Amino acid sequence: MEAKLALEKAYDPKPVEAKWLERWGKAAAGASRPVGERSKRFALVLPPPNVTGALHLGHALNDTLQDVLVRWRRMRGEEACWVPGTDHGGIATQNVMEKQLKAEGMTRRQMGREAFLERTRGWAGDCKATILGQLRRLGCALDWEREAFTMDEPRARAVFAAFKALWEDGLIYRGERMVNWCVRCGTALSDIEVEHEPRRGCLWHIRYGTLVVATTRPETLLGDTAVAVSPEDSRYAALVGRRVPLPLTGREIPVIADAHVDASFGSGAVKVTPAHDPNDFEIWRRHPEIGAPLQVIGPDGRIAAAGGAYAGLSREKAREKIVADLEAQGLLVKTEDYQNAVGVCYRCAQVIEPLLSWQWFVRMGELAAPALEAVESGRFALHPSSWAKPYAEWLRNIRDWCVSRQIWWGHRIPVWYCAACNKITPQTDFGQLADAKVVVAQSRPASCQSCGGADFVQDPDVLDTWFSSALWPMSVFGWPQKTAELAFYYPTQVLVTGYEILYLWVARMQMMGLRFMGEAPFKDAVIHGIVRDKSGKKMSKSLGNVVDPLAMMDKYGTDALRFSLMAQAHPGRDIPFSEDSITGSRNFVNKLWNSTRFVLMNLPESVERPYVLEDLDASRLELADRWILSEQQRASQAAGEALERYDVAAAADALYGFLWDEFCDWYVELAKIRLQGADGPDKEAARTILVSVLSRTLKLLHPFMPYVTEELFAALKPYSGESAELLLRSLAPRPDTARRDPEARAAMGRLMEAVTALRSLRAQLNVPPGLRLRVVASSLEGLPQPQREYLRALARVDSLEEGPRPDKSATAVAAAASFFVPLEGVIDFAQEAARLRRELEKARLELAKIAQKVDNPGFRARAPRSEVELALSQRSAADERVERLSRTLALLS
RNA sequence: GGGCCGUUAGCUCAGCGGUAGAGCGCCUGCUUUACACGCAGGAUGCCGGGGGUUCGAAUCCCUCACGGCCCACCA
């Protein structure tokens, strides 16, 4: 038998966390093998953090949420597999690197592609190590051997396989389209990588000969190839087909009629710039006769050569100059203030320039249809379900996905161009290279099938980082190979993530999984909120309100951080984070610590037989025992049901209330009666209940606060008879509904009310806390043993007997009885009368409410019988309380 | 222009058809031999406004107001 461990008075997280971190690591506690019943697996993939820096509180929320689910399922005997990994992070990571270079006075172009990639790989490696270390520290029981990276070798195979398959199925194509171009990042973006933010601007009314057009972007005027009016607009009907002069240049452009134009907006006439506006591009497609689009803004955001006198100016400068020139020439009719939503890059917040260029696209219609079917049929469910509608709506209106990025950090597009056939030179701009002949291959093709040449150039672009992310739930298990892992773990059970990447990531995983595996990659998606600051603002570096999870862990302990996040993780809701809430959780951890400390203090140095509930003779259980077992069952069931529906906060709340309000505040206090009494079977029974209830509580709380529970579980082990090496790997007790004991609950309820009534009386009459009272009860029928003993202990009662109300006594009215406390000389009877009047007032109010309900004939006739009965009994209780209070009050005066 | 979410105690939020809850804060006591990161007691609510359904509404429906978010090519 191990020597009993002495616990410190207050929990000190640091040494405990270090200890278990090491032990879990050594034991590979999160490891999983694809063995056993497939139906009992519980697999999920960690949303891989970008290798752009360290983890923030949002990660802590996301990761803890998953860890709670994983640990809980594992303790239910499921084969839990949680796959860790990191994401190369495409533009985001490249931007971090470019900032670093800029600080060193360098650009990536100066550095060269290979050197830049080499340096980024180094950075990514460092970042990965940091992130994985932080995940460990957070307590995440991941399956570390499965760690993956979106750009490692196996994932590269998956990316190629997916690209090739989609290409062969005609779902990937190269096309010239209007794309969202980020002038700063120097790349095209997909539609959902553009964020819209309201910007204050102007609506300039400009004279085009006899017509006036209104625009928010005068700098694109140089690229106008037409003016469009509504076909219904009688004002301009005569002008359609005529030509008007383009201001500043004098170039003549046609007036056309197009249904897109809203006659009631602005002047009713729109300048058409097909090269720089998606709508105008569409107009050109409907009216090809106006001639090819004229690109006047280049990929660098400056006016191109076609812009004549304005060439070389930035978009912003060009706008200023053009407006000034128009004004000077009297062509500016008026300027209105106007607010519109401008598209900005989701990575660098620069204004997006719509640009015509050749890019790679994934045709989405065929991919989206099964995903839409999955969500509509409920085979794929979002939690909370309110996300299903916007999600389905997005799929319904899906547009082709631009997957090529003109950056360096990412999976190189596996496409090769024969230099000869396509006339490619080192100066070729692939964005302008039309109708290329290409070969899709992972490595350089040997020879060209048309010309036999061997000079191949790989497409310089890389794939959207979300392309590899979309394959994640398959690629981490070895897809496209048919591995045992893939067969066993796919599909995973659940994906936990934030709503900001619902379309970027979740929807695309669904589509790819359904396409390549024929089955959705996960059945449930838990969509949690964002961690905000105390006042509800989004945390951001620029606001300086970012809370570092590591600092919180250092200050309060990891378990406290975890619990505080979990206690607030109501499904789908944002979390306003403040240190106050973490303090509360720290206190709760300490409460658990001290309750275990108390139990251990009351156990012998060594035991021959552990305190196992099942070994205890049921006849030894007294009221408090039956009650706490029943309450634990209730709490455990509530927590289980909550976790089942991914309501982690509700689970945390149920367990918090059980431990603190029921176990500590009542059971432990009542157990003291037997613990302080003589040695014997009663004391042993109390010890058994304490040890087993506490041990089960540790199991229930373990998913939320793994470190402290693991430590306490170990300390309790000599007494609990638990054989598991690690709590993490132990099994939680099975639900035992037989422990539910409504009678014990009712009896304890009466006792608790009586205790509270007496305590309240003591407090309000300023009875010294140490003073033990003599109490006379109107009747003791409602309080058989051991309740009387409980009452004596908890309300500090010296003697308790039955009898009529003694003179000069104060009265506490409870359902079980009225308690008279003779307090001559101690109390002021006017004060007592006032107190009773307040009580009576409250009791009458309560009675009135219930009476109103019961006296309603409709209620008696239509409410369910059980409700009516309940209300009737409530009324008689309220009635009696009023009766007894008024009688006592009458005696006083 | 669509859609979603929210509006409950001073603060942050639960509850979502049967007499209003928690944590924090506040007030009063307390070295009661696990815990002051604690214990006991207490105060505090037109459950955003209006209408409807129901025997009964914080809870369901409609509507308005005010916040917040997502989607959307009105220049």
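We name chains A, B, ... by the order of the sequence lines, and we start the count at 1 in each one. Keep in mind that this is a model prediction, so the values were computed, not measured.
Here A:Lys591 reaches the OP1 or OP2 of B:C39: one of its side-chain N or O atoms lies under 4.0 Å away. Dashed line: the shortest gap from a side-chain N or O of A:Asn590 to OP1 or OP2 of B:G38 is not under 4.0 Å. For A:Ser760, a side-chain nitrogen or oxygen approaches OP1 or OP2 of B:G42 to under 4.0 Å. Residue A:Lys849 places at least one side-chain N or O under 4.0 Å from the OP1 or OP2 atom of B:A20. Dashed line: the shortest gap from a side-chain N or O of A:Arg573 to OP1 or OP2 of B:A14 is under 4.0 Å. For A:Arg399 and B:A72, the shortest distance from a side-chain N or O to OP1 or OP2 is below 4.0 Å. An OP1 or OP2 oxygen of B:C39 is reached within less than 4.0 angstrom by a side-chain nitrogen or oxygen of A:Trp660.
Nucleotide B:G21 has B:C13 as its partner under the Watson-Crick or G-U criteria, with both atom distances under 3.5 Å. When both pairing distances are held under 3.5 Å, B:U7 makes a Watson-Crick or G-U pair with B:A65. B:A34 is unpaired under the criterion used here, namely a Watson-Crick or G-U wobble arrangement in which both key atom distances are under 3.5 Å. With a 3.5 Å ceiling on both atom-pair distances, the Watson-Crick or G-U wobble partner of B:G41 is B:C27.
B:U8 and B:G3 have their C1' atoms separated by 26 Å, given to the nearest Å. For the P atom pair drawn from B:G1 and B:C13, the interatomic distance equals 29 Å after rounding to whole Å. For the P atom pair drawn from B:G45 and B:G6, the interatomic distance equals 26 Å after rounding to whole Å. Between the P atoms of B:G23 and B:G41, the separation comes to 12 Å (whole Å). For the C1' atoms, the distance linking B:G52 with B:A40 amounts to 47 Å, nearest Å. Rounded to the nearest Å, the gap between the C1' atom of B:C39 and that of B:U33 is 14 Å. Atom P of B:A22 sits at a distance of 12 Å from the matching atom of B:A43, rounded to the whole Å. A gap of 25 Å separates the C1' atoms of B:A34 and B:U28, to the nearest Å.
The residues A:Glu353 and A:Arg217 are annotated as salt-bridged, a charged nitrogen and a carboxylate oxygen being separated by less than 4.0 angstrom. Contact check on A:Asp12 versus A:Lys14 returns no salt bridge, with no Lys/Arg side-chain nitrogen under 4.0 Å from an Asp/Glu carboxylate oxygen. Of the charged side-chain nitrogens involved, none lies within less than 4.0 Å of a carboxylate oxygen, so that A:Glu839 and A:Arg837 do not count as a salt-bridged pair. For the pair A:Glu641 and A:Arg645, the salt-bridge criterion is not met [side-chain N within less than 4.0 Å of a carboxylate O]. Salt bridge A:Arg597/A:Glu8: absent, no basic N to carboxylate O contact under 4.0 Å. A salt bridge links A:Glu376 to A:Arg396: at least one charged side-chain nitrogen sits closer than 4.0 Å to a carboxylate oxygen. Between A:Glu789 and A:Arg792 there is a salt bridge, since a side-chain N of the basic residue sits under 4.0 Å from a carboxylate O of the acidic one. We find that A:Arg844 and A:Asp879 are not joined by a salt bridge, their nearest charged nitrogen and carboxylate oxygen being 4.0 Å or further apart. Ionic pairing of A:Arg200 and A:Asp337 is not present here: no N-O contact between side-chain nitrogen and carboxylate oxygen is shorter than 4.0 angstrom.
Between the CZ atom of A:Phe563 and the P atom of B:G23 there is a distance of 12 Å, given to the nearest Å. Nucleotide B:C55 holds its C1' atom 16 Å from the CD1 atom of A:Ile850, rounded to whole Å. Put simply, NE2 on A:His570 is 14 Å from C1' on B:G6, counting in whole angstrom units. Taking atom CG on A:Leu504 and atom P on B:C71, their separation rounds to 9 Å, with Å as the unit. Taking atom CG of residue A:Asn397 and atom C1' of nucleotide B:G2, one finds them 10 Å apart after rounding to whole Å. Protein atom NZ of A:Lys534 is 12 Å distant from nucleotide atom P of B:C13, rounded to whole Å. The CD1 atom of A:Ile575 sits 11 Å away from the C1' atom of B:C13 (whole-angstrom rounding). Taking atom CG on A:Asp533 and atom C1' on B:U12, their separation rounds to 12 Å, with Å as the unit.
Among the heavy atoms of the strands, none lies under 4.0 Å from A:Val589. Note on A:Trp204: nothing from the nucleic acid sits closer than 4.0 angstrom, heavy atoms only. Residue contacts shown for A:Arg396 are absent, as no nucleic acid heavy atom lies under 4.0 Å away. Heavy atoms of A:Asn340 sit under 4.0 angstrom from primed sugar atoms or phosphate atoms, though from no base atom. Across all strands shown, A:Pro864 has heavy atoms under 4.0 Å from base atoms, whether or not it also approaches the sugar-phosphate. Counting any heavy atom pair closer than 4.0 Å across all strands shown, A:Val272 reaches no nucleic acid atom. Looking at heavy-atom distances under 4.0 Å, A:Pro278 makes no contact with the nucleic acid at all. Residue A:Glu8 is classed as having no contact, given no heavy-atom separation below 4.0 Å to the nucleic acid. At a threshold of 4.0 angstrom between heavy atoms, the contacts of A:Arg217 with the nucleic acid are absent. Across all strands, A:Lys537 comes closer than 4.0 Å to no nucleic acid atom at all (heavy-atom distances). Contacts of A:Ala863 with the nucleic acid, taken as non-hydrogen atoms under 4.0 Å apart, include base atoms. Residue contacts shown for A:Asp665 are limited to sugar-phosphate atoms, with no base heavy atom under 4.0 Å away. Among the heavy atoms of the strands lying under 4.0 Å from A:Tyr338 are primed sugar atoms or P, OP1, OP2 only; no base atom is included. A:Pro390 comes within 4.0 angstrom of nothing in the nucleic acid, heavy atoms only.
With RNA chain B read from its 5' end, the first of the two nearest nucleotides for A:Tyr499 and A:Gln764 is the one closest to A:Gln764. Where A:Thr756 and A:Arg597 each meet RNA chain B at their nearest nucleotide, the meeting point lying more 5' is that of A:Arg597.
In the set B:A34, B:U19, B:A43, B:A34 carries the atom at the smallest distance from any side-chain atom of A:Glu669. For A:Pro769, taking side-chain heavy atoms from C-beta onward, the closest of the listed nucleotides B:C71, B:A75, B:G29 is B:G29. Closest to the side chain of A:Lys9, from the set B:G18, B:C35, B:C74, is B:C35.
For A:Arg586 against B:C37, a side-chain N or O and a base N or O form a donor-acceptor pair under 3.5 Å. Applying the 3.5 Å distance criterion, the base of B:C55 shares no donor-acceptor pair with the side chain of A:Asn856. Side chain A:Lys389 to base B:C4: no donor-acceptor pair is found below 3.5 Å.
Under a cutoff of 6.0 Å and an axis angle of 45°, A:Lys672 and A:Phe598 form a cation-pi pair.
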